[in-house]
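Remember, it's 1-based here, ligands and their atoms both numbered in the order they're listed. What's counted below: heavy atoms across the whole structure, side chains too, no hydrogens, waters or symmetry copies. All values derive from a computational prediction rather than experimental measurement.
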Amino acid sequence: MSKVVVYPGSFDPVTYGHMDIIKRALKIFDRVIVAVAHNAEKNPLFDVTERVGLLKKALKGIRRVEVDDFDILVVDYVKKKNATVVIRGLRMISDFEYEFQMALTNRKLCSSVETIFMMPSESYSYLSSKLIKEAASLGANLKGFVPPFVGKAIKGKLG
Ligand code: ADP
C-alpha cells in the first residue's frame with residue numbers, strides 16, 4: 001500500500017523552507033499532498049488560488065507531489081484523501097507550543113491520524129512567510145528565501 005502524507009498549511013506564499021520539508025517528506029512517503037488551507041490565516045496576501053498556483057510552479061518537475069486546497073478540518077481532509085499521516089515543519093522552539101497544541105487537538109478529534117514533524121535545513125530554520133512579506137514591504141531582496149517568481153509576485157502585490 002502506498003504511503004501518503006498530507007502537508008497542510010497557509011503557504012502564503014511558499015518559501016524554500018516549505019519546499020525543503022516537502023523534499024524531505026518525499027524520502028519517507030510515496031506521495032505528498034500539499035494542502036492549502038482556505039481559512040488558516042484571516043488576512044492572507046494571496047488568495048487560495050494564487051497560493052496553489054505558486055506552489056504548483058515551485059514544485060514543477062518534482063514527481064509524487066500533489067497540490068490541493070481544503071476548507072474542512074485537517075483530520076477530515078486527511079481521511080477524505082485516504083491518508084493517516086500529517087506532516088508539519090518544526091523550526092525554532094517558538095513553533096513547538098502551537099504545533100504541539102494542534103497535533104494533540106487533531107489526535108483528540110481523530111485518533112487514527114498521526115502528526116509527524118520534520119526539521120528543515122539549518123539555513124531555512126528561521127524562514128517564515130510572514131517575515132518575508134514584512135521584509136519585502138521594506139524593500140528587502142528575497143533571493144535565497146523564495147523562488148524568484150514568488151519574490152516577484154510578493155512585490156507585485158505590495159506594489
Ligand atoms: P500555518 O499557518 O499552517 O502555520 P505555514 O504556511 O506558515 O502555515 O506553515 C505550514 C507548515 O510549514 C507549518 O508546519 C510550519 O511550521 C512549516 N514551515 C513554515 N516555514 C518553514 C520553514 N522555513 N522550515 C520548515 N518548516 C516551515
Side-chain angles (χ1 to χ4, degrees), residues 4-29 31-59 62 65-78 80-81 83-107 109-110 113-137 140-151 153-154 157-158:
V4 181
V5 71
V6 173
Y7 181 27
S10 311
F11 304 101
D12 183 41
V14 58
T15 70
Y16 284 140
H18 295 126
M19 290 166 69
D20 181 282
I21 295 295
I22 292 163
K23 286 175 193 161
R24 285 173 201 280
L26 282 169
K27 292 186 196 161
I28 304 172
F29 294 92
R31 199 155 61 93
V32 176
I33 303 172
V34 185
V36 181
H38 279 236
N39 53 358
E41 230 186 312
K42 284 188 192 91
N43 197 8
L45 183 62
F46 295 98
D47 68 29
V48 75
T49 313
E50 292 168 326
R51 284 180 273 148
V52 166
L54 290 173
L55 266 163
K56 282 191 174 161
K57 198 165 170 186
L59 299 169
I62 303 179
V65 183
E66 173 188 328
V67 183
D68 191 15
D69 62 275
F70 72 106
D71 60 359
I72 53 177
L73 280 174
V74 168
V75 287
D76 289 339
Y77 179 77
V78 171
K80 193 175 139 198
K81 296 307 258 186
T84 55
V85 186
V86 168
I87 197 162
R88 295 280 292 175
L90 258 194
R91 288 160 294 188
M92 306 291 181
I93 297 174
S94 50
D95 273 343
F96 183 78
E97 196 174 335
Y98 173 70
E99 293 293 342
F100 190 73
Q101 204 176 18
M102 196 159 68
L104 290 185
T105 303
N106 282 339
R107 182 182 285 166
L109 291 171
C110 180
V113 171
E114 285 296 340
T115 304
I116 66 166
F117 297 98
M118 291 196 90
M119 284 175 287
S121 153
E122 250 171 68
S123 43
Y124 303 132
S125 61
Y126 58 90
L127 253 189
S128 77
S129 302
K130 186 167 177 267
L131 261 181
I132 285 167
K133 286 179 282 187
E134 280 170 18
S137 72
N141 182 345
L142 300 180
K143 190 167 173 268
F145 300 145
V146 294
F149 66 89
V150 174
I154 297 175
K157 280 273 175 190
L158 296 173

Does Asp12, backbone or side chain, put an N or O under 3.5 Å from an N or O of ligand 1?
no
Ligand 1 contact by Tyr126, heavy-atom criterion under 4.0 angstrom
no
How does Lys130 reach ligand 1, by side chain, by backbone, by both or by neither, if only non-hydrogen atoms under 4.0 Å count?
neither
Short N/O distance, under 3.5 Å, between Arg88 and ligand 1?
yes
Any nitrogen or oxygen of Thr15, side chain or backbone, less than 3.5 Å from one on ligand 1?
no
Between Arg24 and Asp20, is the closest basic N to carboxylate O distance under 4.0 Å?
yes
Pick one of side chain, backbone, both or neither for how Asp95 approaches ligand 1, counting any non-hydrogen atom pair under 4.0 Å.
side chain
Looking only at distances, please establish whether an N/O atom of ligand 1 is found under 3.5 Å from an N/O atom of Tyr124.
yes
Per-residue contact class, Leu127 against ligand 1 - non-hydrogen pairs under 4.0 Å
both
So, regarding Ser129 and ligand 1 (criterion: nitrogen or oxygen to nitrogen or oxygen, under 3.5 Å), is there a contact or not?
no
Suppose we screen for salt bridge (Lys or Arg N to Asp or Glu O under 4.0 Å). Which residues come up paired with Asp76, at least two apart in sequence or across chains?
Lys79
Considering all heavy atoms, the nearest Phe70-Pro8 contact
CZ-CB, 4.0 Å
Give the contacting part of Tyr16 toward ligand 1: side chain, backbone, both or neither, where contact means a heavy-atom distance below 4.0 Å.
neither
